[in-house]
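These notes are about the structure you will find just below.
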Amino acid sequence: MSDLIRKNMALFPMSIVMNLTNLTARQIRYYEQHELVCPSRSEGNKRLFSFNDVTRLLQIKDLIEKGVNIAGVKQVLLPVSKAQTARNEPLLADNDKVTAKAPTDLQIHKMLKARLVGETGRRGEVSLIQGDLARFFRK
DNA sequence: ATTCTAACA
DNA sequence: TGTTAGGA
């Protein structure tokens with residue numbers, strides 16, 4: 001079984017994702033409304049999250065904690081369509097090997113992501129990012 | 001027992 | 001965002 005399928009497979013319910021991400025159910029549902037994650041549904045209309053969903057939620061959480069609002073998060077994490085997670089199709093936002101289409105937007109996306117999600121989290125750089133980039137995310 | 005949607009003291 | 005009512 002491919003890794004991609006594994007990562008997009010609908011597996012866990014709300015409770016599990018809550019513990020995994022330390023986000024409230026309210027927040028998780030809210031982010032879903034904003035198309036930041038797209039868990040599939042069970043017959044009983046219960047949300048079923050994939051590994052990718054959890055990963056994205058963790059990234060969202062990270063950005064929110066850094067002071068980025070929904071509008072900003074949407075620009076860092078490309079909105080995902082229902083079909084992508086419901087099925088086992090690749091998520092554009094989760095890989096680097098997506099160089100075929102819209103290279104310009106992708107590059108811009110990666111730049112913003114790199115600046116906002118600095119892996120080494122250098123202090124002092126945060127305020128600068130929030131200050132200079134904030135206006136692009138407002139509203 | 002869990003999760004869902006909608007709505008707001 | 002928290003919380004809660006009312007269902008499934």
Side-chain angles (χ1 to χ4, degrees):
Chain A
M1 182 181 285
S2 92
D3 230 44
L4 221 155
I5 292 179
R6 203 195 329 274
K7 288 188 232 168
N8 288 296
M9 182 159 46
L11 296 172
F12 6 76
M14 262 300 251
S15 57
I16 300 298
V17 179
M18 287 175 70
N19 295 311
L20 249 33
T21 64
N22 274 78
L23 287 169
T24 64
R26 175 79 167 81
Q27 290 177 298
I28 295 170
R29 294 178 186 127
Y30 178 73
Y31 301 146
E32 178 188 27
Q33 288 190 297
H34 286 268
E35 303 178 273
L36 269 36
V37 288
C38 48
S40 50
R41 300 294 184 118
S42 67
E43 288 182 24
N45 194 40
K46 265 55 186 170
R47 264 168 272 253
L48 290 179
F49 302 81
S50 69
F51 232 104
N52 275 332
D53 288 324
V54 175
T55 297
R56 289 174 68 83
L57 284 170
L58 288 172
Q59 296 179 316
I60 294 167
K61 180 196 166 200
D62 205 80
L63 291 173
I64 294 297
E65 292 177 336
K66 288 177 185 276
V68 181
N69 58 205
I70 300 298
V73 176
K74 284 182 179 178
Q75 293 181 50
V76 178
L77 298 184
L78 275 40
V80 173
S81 73
K82 196 153 206 169
Q84 294 177 317
T85 296
R87 312 309 167 125
N88 303 308
E89 293 160 38
L91 295 180
L92 187 62
D94 290 6
N95 296 298
D96 339 13
K97 60 175 184 177
V98 188
T99 52
K101 189 178 181 181
T104 300
D105 283 340
L106 182 62
Q107 292 175 352
I108 293 175
H109 162 257
K110 298 192 74 172
M111 282 182 68
L112 290 173
K113 184 173 182 177
R115 298 211 59 178
L116 289 168
V117 192
E119 51 276 66
T120 44
R122 305 158 192 170
R123 344 74 234 185
E125 202 176 289
V126 179
S127 62
L128 186 155
I129 293 175
Q130 291 181 187
D132 291 337
L133 263 45
R135 69 190 181 80
F136 294 125
F137 299 151
R138 238 158 237 162
K139 225 290 312 334

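Convention: sequence-line order gives letters A, B, ...; per-chain numbering from 1.
- For A:Y30, no side-chain nitrogen or oxygen approaches OP1 or OP2 of B:dA6 to under 4.0 Å.
- Rounding to the nearest 0.5 Å gives a distance of 11.5 Å between CE of A:M18 and CG of A:L57.
- When the C1' atom is compared between C:dG6 and B:dT2, the two are found 15 Å apart, to the nearest whole Å.
- Summarising the geometry, the separation between CZ on A:R41 and P on C:dA8 is reported as 16 Å, rounded to the nearest angstrom.
- Nucleotides of DNA chain C nearest to A:K46 and A:I64 differ in position, and the one nearer the 5' end is that of A:I64.
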Worksheet item: Taking it one step at a time, do A:T55 and A:N52 satisfy side chain to side chain donor-acceptor pair (under 3.5 Å)?
Response: CA-CA 5 Å; A:T55 297; A:N52 275 332; 4.9 Å; no
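- Distance alone, capped at 3.5 Å, is enough to place a donor-acceptor pair between the A:D53 side chain and the A:S50 backbone.
- What separates CE of A:M14 from P of B:dT5 is a distance of 9 Å, to the nearest Å.
- Summarising the geometry, the separation between CD1 on A:I16 and P on B:dT3 is reported as 8 Å, rounded to the nearest angstrom.
- When Watson-Crick and G-U wobble pairs are counted only if both distances are under 3.5 Å, B:dT2 pairs with C:dA8.
- As a whole-Å value, the separation of A:I28 CD1 from C:dT1 C1' is 13 Å.
- Taking only side-chain atoms of A:S15, from C-beta outward, the nucleotide of B:dT3, C:dG2, B:dT5 with the closest atom is B:dT3.
- Here C:dT1 presents its C1' atom at 16 Å from NZ of A:K61, a figure rounded to the nearest Å.
- Each of A:R26 and A:R29 was assigned the nucleotide of DNA chain B with the nearest heavy atom; the assignment lying further toward the 5' end belongs to A:R29.
- Nucleotide C:dT1 is matched to nothing when pairs are restricted to Watson-Crick or G-U wobble geometry with both distances under 3.5 angstrom.
- For the residue pair A:L36 and A:R56, the shortest heavy atom distance occurs at O-NE, 2.9 Å.
- Judged by distance alone, the side chain of A:N19 and the main-chain N or O of A:S15 form a donor-acceptor pair under 3.5 Å.
- Atom CE in A:M18 sits roughly 13 Å away from atom C1' in B:dC4 (whole-Å rounding).
- For the pair A:Q33 CD and B:dA7 C1', the computed distance is 12 Å after rounding to whole Å.
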